[in-house]
Amino acid sequence: DVKVTQSSRYLVKRTGEKVFLECVQDMDHENMFWYRQDPGLGLRLIYFSYDVKMKEKGDIPEGYSVSREKKERFSLILESASTNQTSMYLCASSREAGREAFFGQGTRLTVV
Amino acid sequence: GENVEQHPSTLSVQEGDSAVIKCTYSDSASNYFPWYKQELGKRPQLIIDIRSNVGEKKDQRIAVTLNKTAKHFSLHITETQPEDSAVYFCAASLLSGYSTLTFGKGTMLLVSP
C-alpha cells in the first residue's frame, strides 16, 4: 500500500509566522503535489515537483514556496502566514505524470 | 489550461436509488479521467478511472461513462447505500509530459436510509 504521510493533522499558527508542512511518501514516486482544499472550491494545486530539487507552480502559488531535497519528502512553506491561508492542505504523490494520485491525510491549518 | 466543471454540488438520494454526477472538461487533449471519493475527515481515494480509448467502465455498483466528442464524463452509482455518502471529485489530465490532474469542485452525496 502506498503511504503518504503528512507531519501534522492540525496546526494553529499566528499571522506572520513561517510555517512548514511536511510530507513523506514511501513508494519511490517521482511526482509530488501540494493541494489546498476549501469548501465549494474543490482541490486547487499550489505547487508540484517531478524530481528532486525541481518545482513547478500550480494554480495558486502566491504566498507559498516548496522544497524537495529528497525524493520521498516534499515540504510546503508559508513564508509569512496570513488568515486567508487558513485551509486544509493535502499532499499527494503519483508514479506517472497526470496519473492516479495518492493523498496524505491532510493538515488543517488555522492562522490566527 | 484544463478546466473541469462538476454538477451537482450536492445530491441527496434515498437508499437504493441511483446517483449520477456529471463533469465536463475543456481540453480535448485530456485522456485520463479519475474519480475520487472523500469520506468525512478522510483523504480522497481513487474509486474508478477511465482512459479516453474506452467509453464505459464498471466496477460492481459504480460505473463511469465518457463522451469524448461532447467532452463530458459521468459517475453512476447504483443501489446506493449510506456508506456511499461522501464528497466525490472528478478530474482530468493528459497522460504525458509534466501533466497534472485538474479537479472539479466536488459533489456532496448524501444517502438517506
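Convention: sequence-line order gives letters A, B, ...; per-chain numbering from 1.
- In this structure, the separation between CG on B:Leu46 and CZ on A:Arg99 is 8.5 Å, given to the nearest 0.5 Å.
- At a 4.5 Å heavy-atom cutoff, the contact between A:Leu43 and chain B is made by backbone and side-chain atoms alike.
- Using a 4.5 Å cut-off on side-chain heavy atoms (C-beta onward), B:Phe103 and A:Leu41 make no contact.
- No other option in B:Pro34, B:Gly106, B:Ser93, B:Pro44 has as many heavy-atom pairs under 4.5 Å with chain A as B:Pro44.
- Residue A:Arg9 touches chain B through its side chain alone, counting heavy-atom pairs closer than 4.5 Å.
- One finds the OG1 atom of B:Thr102 at 8.0 Å from the CG atom of A:Leu45 (value rounded to the nearest 0.5 Å).
- The shortest non-hydrogen separation linking A:Val4 to B:Arg43 is O-NH1, 3.4 Å.
- With a 4.5 angstrom heavy-atom cutoff, B:Gln38 touches chain A only via side-chain atoms.
- No continuous path of hydrophobic side-chain contacts links B:Leu110 to B:Trp35 [ILVMFWY only; heavy atoms under 4.5 Å].
- What you find for A:Glu100 and B:Tyr32 is that their closest heavy atoms are N-OH, 3.6 Å.
- Using a 4.5 Å cut-off between side-chain heavy atoms of Ile, Leu, Val, Met, Phe, Trp and Tyr, with links allowed through other members, A:Leu21 and A:Leu90 fall into different hydrophobic clusters.
- Heavy-atom distances place both the backbone and the side chain of A:Phe103 under 4.5 Å from chain B.
- In terms of hydrophobic clustering, with Ile, Leu, Val, Met, Phe, Trp and Tyr side chains grouped at heavy-atom distances under 4.5 Å, B:Tyr88 and B:Val20 are assigned to different clusters.
- With a 4.5 angstrom heavy-atom cutoff, A:Glu56 does not touch chain B via any of its atoms.
- The neighbour count for B:Lys68 NZ, taken as heavy atoms of other residues, nucleotides or ligands under 6.0 Å away, is above 12.
- Residue A:Tyr50 holds its OH atom at 5.5 Å from OG1 of B:Thr100, rounded to the nearest 0.5 Å.
- Of the two parts of B:Leu101, the backbone and the side chain both hold a non-hydrogen atom closer than 4.5 Å to a non-hydrogen atom of chain A.
- With a 4.5 angstrom heavy-atom cutoff, B:Ser9 does not touch chain A via any of its atoms.
- B:Ile48 and B:Val87 are not part of a single hydrophobic cluster, where members link through side-chain heavy atoms under 4.5 Å apart.
- Clustering ILVMFWY residues whenever any of their side-chain heavy atoms sit less than 4.5 angstrom apart, transitively, puts A:Leu11 in the very cluster that holds A:Val66.
- The environment of CD in A:Glu17 is crowded: more than 12 heavy-atom neighbours from other residues, nucleotides or ligands sit within 6.0 Å.
- The 12-atom threshold is exceeded at CD of B:Glu83, counting heavy atoms of other residues, nucleotides or ligands nearer than 6.0 Å.
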